[in-house]
Each structure stands twice: as C-alpha cells, then as structure tokens.
Q: 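Next up is a structure, given as structure tokens.
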Amino acid sequence: MEPSSIDLTDLSLFADGHPHHVFRWLRDEAPVFWQEPTRSTPDGEGCWSLTRFEDVEWAAKHPDLFSSCTGGDRDGGGTLIEDLPLDFAAGVLFNMQDDPRHNAIRRLVTPSVSPKRLREIEAGLKERCDEILDAAVAEGGCDFLVDVAAELPLQATASLLGVPQEDRHMFMAWADATLDYEDRELGEQSASTQEASAAMFAYGADLLERKRACPADDILSIVANAELPPEADPGGPMTALEQQMFFSLLIAAGSETTRNTIAAGLLALMDDPAAWAALRSDRALLPGAVEEMLRWSSSTTYNRRTATEDVERHGRAIRAGDKVVLWWCSANFDERAFTDPMRFDIGRSPNSHLTFGIGSHFCLGANLARLEIRLVLDGLLDRVASIVPAGPTERTRSNKHAGFRHLPVTFEGIAR
Ligand code: HEM
C-alpha cells in the first residue's frame with residue numbers, strides 16, 4: 001500500500017464499515033502516520049494517526065501531552081479532526097475540556113450514572129425494553145435500527161436528562177442531522193445540520209431555564225445548578241454555554257453510539273448462529289457477548305487530540321499544535337493486543353477493548369450503554385429462536401461514528 005494513497009478523511013473509505021485492511025497496514029508499517037492534506041482533509045492541514053493499541057492507550061493516558069481542547073498556537077481544537085472554534089466548542093463542551101475544569105464537572109455528574117444509580121433504574125429500563133421488543137416481535141420483523149436499537153437509548157437518554165419521553169424522536173432527528181455527513185464533507189455545515197443545531201440549542205436553552213427554576217432528580221438539573229470548586233478555575237456556576245453544550249453532547253453521545261453498537265452486534269450475531277445458540281442455552285455468556293459486541297462495533301471510531309508539546313514516538317516527531325487522531329477502532333483490532341482479532345468471539349477473555357476510550361475522558365455512560373445492550377440482547381434471546389436479514393443494511397456516511405440508518409430483519413421461531 002502506498003502511504004500517499006491513504007486518506008482517513010475520505011468518508012467513502014468507511015462506507016462498508018471499518019477499513020480494516022488500511023488500519024492493519026498502518027499498524028504494521030506506519031504506526032505513527034502523518035497524513036498529508038487531501039481534498040477531503042479539513043482545515044487544509046495534515047494530521048497524525050495512531051493505530052496501535054499501545055500508542056492509542058499511551059496518548060489517551062497522557063492528557064498533559066495530548067489535549068482534548070487545543071495546543072501550540074492553534075486557534076481551534078476539540079476532539080474531531082476538523083478544528084472547532086475555541087471557547088465555543090473546544091474548551092466548552094465537557095468532553096473537549098482539559099483538567100482541572102473537566103475533572104471538576106465530571107465529579108459532579110458521575111453520580112447520575114454510577115453503578116448504584118443504574119441498579120435503581122434497571123427495572124424501569126427493562127420494562128421499556130420489554131415494551132419495545134414486544135411491539136417489534138409482534139410484527140414478525142422490523143427495521144431493527146429504528147424500532148429497537150435506537151429506541152431504548154433514546155428513552156434512556158430522555159430519562160437521564162429529565163425530558164418528556166414524547167420529545168425523544170426530535171433528539172434522534174437532531175443527532176442524525178448533526179452527526180451525518182450525507183450531504184457534506186468533514187468541516188462543512190449543511191442547511192440541515194444548521195437547522196438541527198439551532199433547534200437543539202433552543203430546546204436546550206428552554207429546558208435549562210426550567211431546570212434552574214425547578215430542579216429535579218436528573219443530570220441536567222445538576223448541570224443547571226452546578227457550583228464548581230475554586231480549582232475548576234474559575235469556580236462557581238458552569239457558564240450558560242457549558243450547560244447548553246452539555247445538553248447537546250448527551251443527546252449525541254447517549255443515543256447514537258449505543259444504537260450503533262446494538263445494530264453492529266446483532267449483525268455479527270446473525271452471521272454467527274453458533275454464538276446465538278450458545279447464548280440461548282447459557283445466559284452466563286451474556287456479559288462476554290456484550291463486551292465483544294462493543295469491541296467488534298467500535299462505534300466511536302476515533303477521538304482527536306492536539307499535541308501540547310513536541311514529542312517523539314516510533315522515531316516520528318510530533319510538534320506542539322499538531323492534530324493527533326486516536327483510532328479506537330484500529331486499536332481494538334490490533335494483533336499485538338488481541339488474539340485472532342478479526343474473529344467475533346463472545347467468549348473472548350480478556351477483552352480490554354478501547355471502545356469507551358481510556359484515561360480521564362473514559363466514557364461517562366459506559367455502564368449505562370452496557371446495561372442497555374444487555375437488556376436488548378437478553379430480551380431478544382427470550383423471544384425469538386433466530387433473526388435473519390430482510391433487506392439491505394444502510395450505513396451512515398461518517399468516519400467518526402460507525403453507524404447505521406436502517407437494518408431490516410425478520411424474527412423466526414417467535415416464543416408465544
Ligand atoms: C456503546 C456506546 C458508547 C460508546 C462506544 C461511547 C464511546 C465513548 C468514547 C470513545 C469516549 C471517549 C472520548 C475521548 O476520549 O475523547 C466517550 C466519552 C463520553 N461518553 Fe460515551 N460512548 C457510549 C455511550 C455513551 C452514553 C450512553 C453516554 C450517556 C451518558 C455517553 C456519554 C459520554 C460522555 C459525556 C463522554 C465524555 C467523558 C469525558 O470527557 O470525561 N456515552 N464515549
């Protein structure tokens with residue numbers, strides 16, 4: 001493979017899922033890879049790609065060297081390959097902040113998704129999941145992406161944020177429009193992206209106002225009424241923009257990623273009837289299957305950092321201010337870290353994938369996502385003997401979210 005032919009910003013490369021052949025070549029031949037700008041590279045500048053497990057983990061665990069906000073004399077930053085404006089998105093969105101402010105906010109919101117809290121909400125979520133599955137199975141088939149995989153995460157996100165369930169389909173439309181690259185390239189905005197962002201912003205502003213006036217037992221009420229300690233620099237309330245961006249972040253983070261994992265996991269299980277049969281006869285295999293679905297789907301493909309100082313890795317000189325992309329989806333298939341990584345193996349142990357990232361920005365919703373995936377899978381195993389494709393699968397056009405828009409299936413051997 002010619003290095004100059006590799007363009008990880010070309011969205012068509014991701015049209016059929018992770019481009020494993022490219023990542024494998026990079027891991028073997030160019031683990032710290034400098035991509036020159038191409039027509040599709042945003043901001044007209046190149047970026048570094050880290051693809052081996054140990055390098056991705058190393059960078060994620062050194063937020064002092066690799067900032068989620070910015071570095072060098074760059075005037076933008078954030079965790080997408082395209083620069084986002086400083087003090088509007090980079091440095092303001094919770095996941096695009098550095099410590100100590102990021103950590104101060106994280107400490108405030110973590111109890112909302114703690115193991116204790118999840119135990120409290122599990123029965124309610126299971127009820128929701130049962131209703132969703134009963135309705136889908138009663139039809140004998142469905143668009144699994146829309147009717148099942150998207151539904152539970154949307155309902156869970158609505159509960160977490162403390163918003164009326166009836167509004168959840170607006171969330172899906174906004175998340176789809178802002179995360180999709182259907183009618184645009186990286187770094188570009190389309191009319192539908194702008195419209196969705198504006199609608200989400202207005203909804204969030206109104207909701208935050210209500211949470212300030214009338215706090216309830218939800219994560220947004222915490223954010224709306226937050227008092228940060230002095231080390232958050234500055235202490236006191238989160239800014240209105242931080243609160244607003246937190247709302248938008250959870251809409252996207254809470255719904256899109258989990259739905260894509262459930263869908264990709266189901267596709268893998270449909271291709272592996274032996275694994276499905278093993279799960280039907282032994283539910284003790286369920287937690288391992290969930291972890292393998294997470295690794296296999298690697299639904300958040302990457303997060304970017306910006307180097308804060310000059311640093312050398314594998315003989316390559318990364319300069320302060322350079323963009324550095326951490327490809328979770330490549331690390332998760334690194335032959336150096338996983339035995340036979342291209343095999344979907346629900347019994348894989350250990351399975352220390354990086355699907356949720358690692359280090360200070362480790363996914364806040366990891367355990368919630370795991371719970372949702374387990375409930376859906378468990379409920380399906382209870383209800384149907386097998387599931388088969390009923391038409392072509394439609395994927396999202398993105399190198400950031402390995403996602404789906406439609407996944408038609410037929411249920412077979414329905415338990416009555
Ligand atoms: C399978 C589903 C999910 C996947 C694959 C996923 C993936 C990730 C990854 C890779 C990161 C690290 C970002 C970085 O290092 O820059 C992250 C962070 C985050 N995730 Fe998730 N996520 C999932 C579900 C969720 C859910 C359900 C929520 C809702 C609560 C959520 C909320 C967040 C937040 C708020 C952060 C930022 C954490 C921080 O910066 O401290 N995620 N997620």
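When a ligand or atom number is given, it counts from 1 through the structure's own listing order. Position 1 is the first residue of the sequence; numbering continues from there.
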Q: Does the side chain of Gln243 come within less than 4.5 Å of Lys211's, by heavy atoms?
A: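 A side-chain contact is absent here, since even the closest heavy-atom pair is not under 4.5 Å.
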Q: How does Leu294 reach ligand 1, if at all, at less than 4.0 Å between non-hydrogen atoms: by side chain, backbone, both, or neither?
A: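 Just the side chain.
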Q: Closer than 2.8 Å to atom 21 (Fe) of ligand 1, what protein N/O/S atoms do you find?
A: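 Checking every protein N, O and S atom gives Cys363 SG.
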Q: Going through the distances and angles, do Phe33 and Trp48 end up as a ring pair (Phe, Tyr, Trp, His ring centres under 6.0 Å)?
A: CA-CA 5 Å; Phe33 173 68; Trp48 295 100; 8.6 Å; no
Q: Mark up the atoms of ligand 1 that fall under 4.0 Å of a heavy atom belonging to His102, in ascending order.
A: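 Reading through ligand 1 atom by atom, the close ones are 39 (C), 40 (O), 41 (O).
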Q: Please report which non-hydrogen protein atom sits nearest to atom 13 (C) of ligand 1, along with the residue it belongs to and the distance in Å to one decimal place.
A: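 Checked against all protein heavy atoms, atom 13 (C) of ligand 1 sits closest to Asn303 OD1, 3.3 Å.
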Q: Kindly indicate, with the supporting measurements, whether the criterion side-chain hydrogen bond (donor to acceptor under 3.5 Å, both in side chains) is fulfilled by Thr393 and His406.
A: CA-CA 6 Å; Thr393 299; His406 299 288; over 6 Å; no
Q: For the atom pair CZ (Phe246) and CD1 (Ile222), what is the distance rounded to the nearest 0.5 Å?
A: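 Here the rounded value is 8.5 Å.
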Q: Give the numbers and elements of all ligand 1 atoms closer than 4.0 Å to a heavy atom of Asn95.
A: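 Those atoms are 37 (C), 40 (O).
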Q: How long is the gap from CZ on Arg106 to CG on Asn95, to the nearest 0.5 Å?
A: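 Interatomic distance, Arg106 CZ to Asn95 CG, rounded to 0.5 Å: 10.5 Å.
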Q: Phe23 vs Trp327 aromatic rings, parallel, tilted or perpendicular, using cut-offs 30° and 60°?
A: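 Tilted.
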Q: Which residue and non-hydrogen atom of the protein lie closest to atom 16 (O) of ligand 1, and at what distance in Å?
A: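 The protein heavy atom lying closest is Arg305 NH1, 2.9 Å.
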Q: Could you identify the single nearest non-hydrogen protein atom to atom 40 (O) of ligand 1 and state the distance to 0.1 Å?
A: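 For atom 40 (O) of ligand 1, the nearest protein heavy atom is His361 ND1, 2.6 Å.
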Q: Enumerate the atoms of ligand 1 whose separation from the nearest heavy atom of Ser299 is less than 4.0 angstrom.
A: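 The list of qualifying atoms is 5 (C).
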Q: Taking 4.0 angstrom as the limit and counting only heavy atoms of Arg106, give me the atoms of ligand 1 inside it, by number and element.
A: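 It comes down to these atoms of ligand 1: 38 (C), 39 (C), 41 (O).
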Q: Answer yes when Asp378 and Arg283 have at least one side-chain N-carboxylate O distance shorter than 4.0 Å, and no when they do not.
A: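 Between Arg283 and Asp378 there is a salt bridge, with a charged N closer than 4.0 Å to a carboxylate O.
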Q: Any Lys/Arg nitrogen of Asp334 or Arg52 sitting under 4.0 Å from an Asp/Glu carboxylate oxygen of the other?
A: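 Result for this pair is no, no salt bridge flagged.
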Q: What do you reckon, does Ser360 put a non-hydrogen atom under 4.0 Å from ligand 1?
A: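 Per 4.0 Å heavy-atom rule, Ser360 contacts ligand 1.
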Q: Nearest 0.5 angstrom please: Asn367 CG to Leu118 CG, how far?
A: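 Answer rounded to 0.5 Å: 6.0 Å.
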Q: Test Glu45 against Lys323 for side-chain contact (heavy atoms from CB on, under 4.5 Å), laying out the working first.
A: CA-CA 9 Å; Glu45 62 172 311; Lys323 296 177 179 181; 3.3 Å; yes
Q: Under 4.0 Å from any heavy atom of Leu160, which atoms of ligand 1 are there?
A: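 The atoms of ligand 1 under 4.0 Å from a heavy atom of Leu160 are 30 (C).
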Q: May I ask you to identify the nearest protein heavy atom to atom 1 (C) of ligand 1, giving residue, atom name and distance to one decimal place in Å?
A: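 Protein heavy atom with the smallest distance to atom 1 (C) of ligand 1: Thr261 OG1, 3.2 Å.
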Q: If the cut-off is 4.0 Å to any non-hydrogen atom of Thr258, which atoms of ligand 1 fall inside it?
A: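 Contacts of ligand 1 toward Thr258, numbered from 1: 1 (C), 2 (C), 24 (C), 27 (C).
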Q: Backbone N or O of Arg119 within a donor-acceptor pair of the Glu122 side chain at under 3.5 Å?
A: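 Side chain of Glu122 to backbone of Arg119, a donor-acceptor pair under 3.5 Å: no, none is there.
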Q: Checking a contact table here: which protein heavy atom is nearest atom 10 (C) of ligand 1, and how many Å away?
A: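 Answer for atom 10 (C) of ligand 1: Thr355 O, 3.3 Å.
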Q: Between Asp217 and Arg117 (salt bridge meaning N to carboxylate O under 4.0 Å), is one present in this structure?
A: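 Judged by the 4.0 Å cut-off on N to carboxylate O distance, Asp217 and Arg117 do form a salt bridge.
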